[in-house]
Amino acid sequence: MKVVRSIILGLASILLLSTGLAQAQILTDEAAAVASERGLSESDILAALKTYMPSGELDDYVMFSSGGQSGQVLVIGLPSMRLLKVIGVFSPESWQGWGYGTDAQEILASGSDNGVELTWGDTHHPALSETAGDYDGQYLFINDKANARVGVIDLRDFETKQIVKNPVANNDHGGAYVTPDTEWVIEGAQYSVPTSGTYASIDEYNEEYQGMVTFWKFNREQGRIDYDASFAMELPPYWQDIADAGKLVSDGWVFLNSINSERYTGGFEEGKSPFEVGASQNEFDYLHIINLDKASELVAAGRAETVNGFKVLPLETSAAEGVLFFAPEPKSPHGVDVTPDGKFIVVAGKLSPTVTAYSFQKIQDAIAKGTSEQDPYGIPILAFEDVVEAQVEIGLGPLHTQFDNQGYGYTSLFLESAVARWSLDGSSGEEPWTVVTKTPVNYNVGHITAAEGDTVSPDGNYLVSLNKWSVDRFVNVGPLLPQDLQLLDISKSGEQMQVLYDMPMGLAEPHYAQIIKADKLNPWQVYPETGWNPTTQAVDPIAAMPGEERIERDGDTVHIWMTAVRSRFNPERIEVKKGDRVVWHVTNIERAVDNVHGLALPDYNINLSLEPGEAQTFEFIADKEGVFTYYCSEFCSALHLEMAGYLMVSP
Ligand code: RUQ
Ligand code: CUA
C-alpha cells in the first residue's frame, strides 16, 4: 500500500493549498484507509479521479450508443459513463410514452404494412448528422438490421421523428452512415434476397438474388428523409457488410465491404458446410468503391429502374458508367473506416491479422489506368497492389478502427480481447503503419468508438470499447450477462492507454456508438410553446389549450380537450358510452423545466409522457364498460397522487 499512500499524500498536498493542513491531513488518512481497505491500486485511484463526477458537474462528452435488440438508442455521459437517457426508436418505450400516442404509433408502425406488426428492432450503427465532416449535434440516424429500417431522431428533443422501411431490402447491417454534409444516409443490406420481395429458389441464387445499398436523401430543413428523392443501387449477391462515407479528398465516394463473395448458400442439414465455413473460403472478398455523386447524377438523369415503387440503379448501369469498382480485401473483412483526412480507407479482416489501408489517390489512379479484371457481374476489380498503401500487422480478429487527433488509428481485436493503437502515415511521429501498443479489454471487443472519432477532426481523449462478453466482470445475474462498455483514456501518446471504467449494459447488446462534444448539443429544456406537437415540431392546431378544456360529442365520437398542470387534469370526470370512439387531446401547460406529467389510462393500454408544453392526441374505442381511473404517471409534486380522474363508460 506504499504506492497508494504516496499518491494520496500527493493529492493531499494539492488539497493542502486550498483547504488547509488539518482538513487535508484528515482526508489523507481517511482516503488512504479506504483505498487500503478496498485494495485499490495507484491506477485504480487515478481512474477514479479521472471519471468521478461530483453531483451537479456535467460530462464533457455525450455518447449515443445503439441499444441493440432493444430497438433503442442509449445516451451516456463521458467520462462518468452515466446513463442519461434511453430513446425509444423501433420498440414502444413506456417511460417516454413512445408508441402510445397516435403520431408515435404511426411512426412506430412503419414497415408493418405487410400484415405483421413489427414491435422491435436490432439497432447497430448510430450516425450523428455532420456539417463539413464534423458532428453538428442536430440529428441522429440509426438502423434496424432486422427489418431494414432507418430511424431519424431530432436532437432538439431527443425523440424519434421518422422511421423509413427499405422497400428493396430485407435486412440492413450496413447502416446508418452519413456523408459529410448529411445529404445522404447510407444503408447497406446484408443477406442477399430477391429485392423485388418475391420468391426465387436458392438454386437460382446467382441470378435471382441481389445485394443492395440504399442512399436516403436527407432534408435537413424538414428533418426528414425524403423517400422520393432517395434511391438504391443493385449490387451482386455478395453479403455487403458495413460502410463509410468518404470525406474531404474522398468526399462523394462511399466504401462498403462485403463477405461471402463465394455466394455460398448454406445447406448444413444436407451435409454441406455451414455458412461460417462456406462463406469464408476465399482469401479475398471485395471492397465496394462507389462513386455516389455519379450514381445520383445517373438517377437524376432517369437511369434508375423502379422496384417496389423505389428507384434502383441497375447493376449493369453501375458497371458500364464507372459507378462501382471492387478492390480485393483480405480475409472475411469486417470494418471499413475512412481516416480523418479522407486519404485512406482502413479495412480489417476478421480472419487476417492485419488492417489494410487503401489509398484513395491510388484508387483514383487505378480507375484511370483501367483494369481488365472483372467479377462475374462485370464489375471492374482493381489490383490489390495498385490500391494498397500499407498493411499493418495488428493481431487476431481485427474488427473496427477509430482515429484520434495525434495521428493514431485504433483497432479492436476480437480474438485477442485488446485495442491496438497504431500509427497512420506519420503525423504521430512514430514509424508509419506500425502497432505502437495494445491494451487488454474484457472481453472480446466488437466496436470501439473515440471522441468525435468519425469526423474530420477527432478529439482523442477517450475511447470506449464495446465488449461483447463480460464473463467475470460483474455480480452474477443469471446466464444472460450484461455487455461491458469500457472507457479508455487515450489522451497520452505512445504506449500509454488506461482502462478507466466498466459500464455494465444490462438491457441489450449495444453495437456501435458515436461520441460528441457535449457543448455541440443544444436541446430544448421545455418545448418552445404551449401546445407543441413533437412530431411536427410546431404548435398543433388541434392541441388542447388552457381555458378551452372541454368534452364534445359528435355522433359516436367523443372529443376530449384536456390540460395537465401541477397537480390536476382538467377535466377530471369523463363520461362516455360503451362503443364510443374517444379522441383525447391533452397538453401539459407547464413552462418550468422538468415539470413533466404522465397520462396513464391502464385498461386501455395508454401511457403518455407530457413534457412541458407538449401536446398529444390518442384515441381508442371505449369497448369496455365500467369505471376506469386515469392518473399522472410521472411523480410531479407532493400532490401527484391526487392528479387523477375517472373515465366512466356506461352501457
Ligand atoms: S458490425 S455485428 Cu457494426 Cu461489427 Cu454489427
Ligand atoms: Cu402530474 Cu404526477
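Positions are given from 1, in the same order as the sequence printed here. Fair warning: this is a prediction, and the values are worked out from it, not measured in the lab. Atoms within a ligand are numbered from 1 in the order they appear, just like the ligands themselves.
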Enumerate the atoms of ligand 1 whose separation from the nearest heavy atom of H400 is less than 4.0 angstrom.
-> 1 (S), 3 (Cu), 4 (Cu)
For H124, the ligand 1 atoms with a heavy-atom partner under 4.0 Å come out as 2 (S), 5 (Cu)
For atom 2 (Cu) of ligand 2, every protein N/O/S atom that sits closer than 2.8 Å, waters excluded | C632 SG, E634 O, C636 SG, H640 ND1
Atom name of the N, O or S atom of H447 nearest to atom 3 (Cu) of ligand 1 is NE2
Could you pull out the closest heavy-atom pair between G67 and A508, with the gap in Å?
-> O-CB, 2.8 Å
Counting from 1 in the order shown, the ligand 1 atoms closer than 4.0 Å to a non-hydrogen atom of H511 are 2 (S), 5 (Cu)
Might you work through the side-chain contact (heavy atoms from CB on, under 4.5 Å) test for W95 and E634, ending with a clear yes or no?
-> CA-CA 9 Å; W95 168 51; E634 179 91 14; 3.7 Å; yes
Residue, atom name and distance, where the atom is the protein heavy atom closest to atom 5 (Cu) of ligand 1 = H173 NE2, 2.2 Å
Specify whether H585 and W561 have parallel, tilted or perpendicular ring planes, treating 30° as the upper limit for parallel and 60° as the lower limit for perpendicular.
-> parallel
Does a sphere of radius 6.0 Å around CG in D594 hold more than 12 heavy atoms from other residues, nucleotides or ligands, not counting ones at 6.0 Å or beyond?
-> no
So, do W584 and Y630 have ring centers that fall under 6.0 Å from each other?
-> yes
Result for side chain to side chain contact (heavy atoms under 4.5 Å, CB included) between L599 and one of N588, L610, N607 points to L610
From the list N467, L466, T449, side chain to side chain contact (heavy atoms under 4.5 Å, CB included) partner of P510 resolves to L466
Just by distance, do the side chain of S280 and the backbone of E276 share a donor-acceptor pair under 3.5 Å?
-> yes
